[in-house]
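Supplied in structure tokens, the structure appears directly below.
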Amino acid sequence: MTFDIVTIFPAMVDAVVAAGILGRAIERGTLDVKVRDLRDYTTDRHRVVDDVPYGGGPGMVLKPEPIFRALDAIEAERGTPLTVVLTSPQGARFTHAAARRLSGVGHLVLLCGRYEGFDDRVRARVTQEVSIGDYVLTGGELPALVVLDAVARLMPGVVGDERSVAEDSFARGLLDFPQFTRPAEVRTSGGHTVRVPDVLLSGNHAEIRRWRKREALSRTLERRPDLLADAELDEEERDILKELRHGSD
Ligand code: ADE
């Protein structure tokens, strides 16, 4: 899958993209990410990308022409039509389902917002506008990286073990069960020791599976009950959930 990320802070995006799982996927050629400096698409000597808002008011607005030039260049290079995602607090909330839909598109352009926003005419070339949450960040680079990461990890071959992608939180609409690793007993700060739940040391795989289902369900019920409305539950999980709900009556 190919991503073009248009930003006025390419170094910020480069640093994240080079590290970790995304970096390895790029090295292997599973993922192709091109970071484009919006200033490269200006035509003036000072490479100006912003201007004052018509009608007055604080802050600066990103000028439309460099963005249109960048999109024209990407279109010429990659072929049409482009799927352009604009990150902004005015967008639709970005979710796992949205990441899954975008992972079906072979090529994505991520436009990072800045300052007080974009000249609104840019929206004529935007396929979808996404917000990563109800808070305002200083710019669209972090949201664009969030979108890139969430979409890229769904591509086959990006995450080493496909099972961890299929089983993780939100893939089925449940939070994860708790995980433990060695040692089986560890000292905490107060001098107490905490043990891994016995069931995980039992070697009884049927019991372990049931315990994990119960933990995932009770966590979801406690922390994110809203998710349960759309969760895909099997019969055993539906029974466990009934028990858990009954227990809290
Ligand atoms: N730009 C600034 N804040 C944002 C947010 N919450 N989501 C997406 N883009 C943004």
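Atoms considered below: every heavy atom in the structure, side chains included; atoms not considered: hydrogens, waters and symmetry mates. Along the sequence shown, the residues carry numbers beginning at 1. One-based numbering, in listed order, for ligands and for the atoms of each.
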Notebook entry, point to check: With distance as the sole test, does R93 use its side chain to make a donor-acceptor pair with the main-chain N or O of V130 at under 3.5 Å?
Noted result: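 Such a contact is absent between R93 side chain and V130 backbone.
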Next item on the list: Identify the protein heavy atom lying closest to atom 1 (N) of ligand 1, giving its residue, its atom name and the separation to 0.1 Å.
Entry: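 Ranked first by proximity to atom 1 (N) of ligand 1 is P89 CD, 3.6 Å.
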Margin query: With heavy-atom distances below 4.5 Å as the criterion, would you say the side chains of T83 and H107 are in contact?
Written below: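 No; the side chains remain at least 4.5 Å from each other.
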Next item on the list: Note the single closest protein heavy atom to atom 6 (N) of ligand 1, along with its residue, its atom name and the distance in Å.
Entry: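 Here the nearest protein heavy atom works out to Y135 O, 2.8 Å.
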Notebook entry, point to check: To which protein heavy atom is atom 7 (N) of ligand 1 closest, and what is the distance rounded to 0.1 Å?
Noted result: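 Scanning the protein heavy atoms, the shortest distance from atom 7 (N) of ligand 1 goes to I132 N, 3.0 Å.
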Margin query: Against ligand 1, does G133 come closer than 4.0 Å with any heavy atom?
Written below: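 Yes.
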Notebook entry, point to check: Polar-atom distance check: V130 versus ligand 1, any N or O pair below 3.5 Å?
Noted result: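 For ligand 1, there is no N or O atom that lies under 3.5 Å from one belonging to V130.
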Note to self: Under a 3.5 Å distance rule, please check whether R28 uses its side chain to pair with a backbone N or O of G157 as donor and acceptor.
What the structure shows: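 Here the side-chain-to-backbone pair exists.
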Item checked: Minimum side-chain heavy-atom gap Y41-R36 below 4.5 Å ->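 The answer is yes, as the side chains (C-beta and beyond) meet within the 4.5 Å cut-off.
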Check: Given side chains that start at C-beta, do those of V33 and L22 come closer than 4.5 Å, heavy atoms only?
Finding: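 V33 does not reach L22 side chain to side chain.
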Margin query: What I want to find out is whether R209 reaches E236 closely enough, with some N-O distance under 4.0 Å, to be called a salt bridge.
Written below: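 Result for this pair is no, no salt bridge flagged.
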Margin query: Just to be sure I read this right, does ligand 1 sit under 4.0 Å from the backbone of S88, its side chain, both, or neither, counting only heavy atoms?
Written below: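 Just the backbone.
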Check: Where is the nearest protein heavy atom to atom 3 (N) of ligand 1: which residue, which atom, and how far?
Finding: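 Heavy-atom neighbour on the protein nearest atom 3 (N) of ligand 1: L137 N, 3.0 Å.
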Margin query: Quick check: P143 and ligand 1, any N/O pair under 3.5 Å apart?
Written below: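 It does not: no N or O of P143 is found under 3.5 Å from an N or O of ligand 1.
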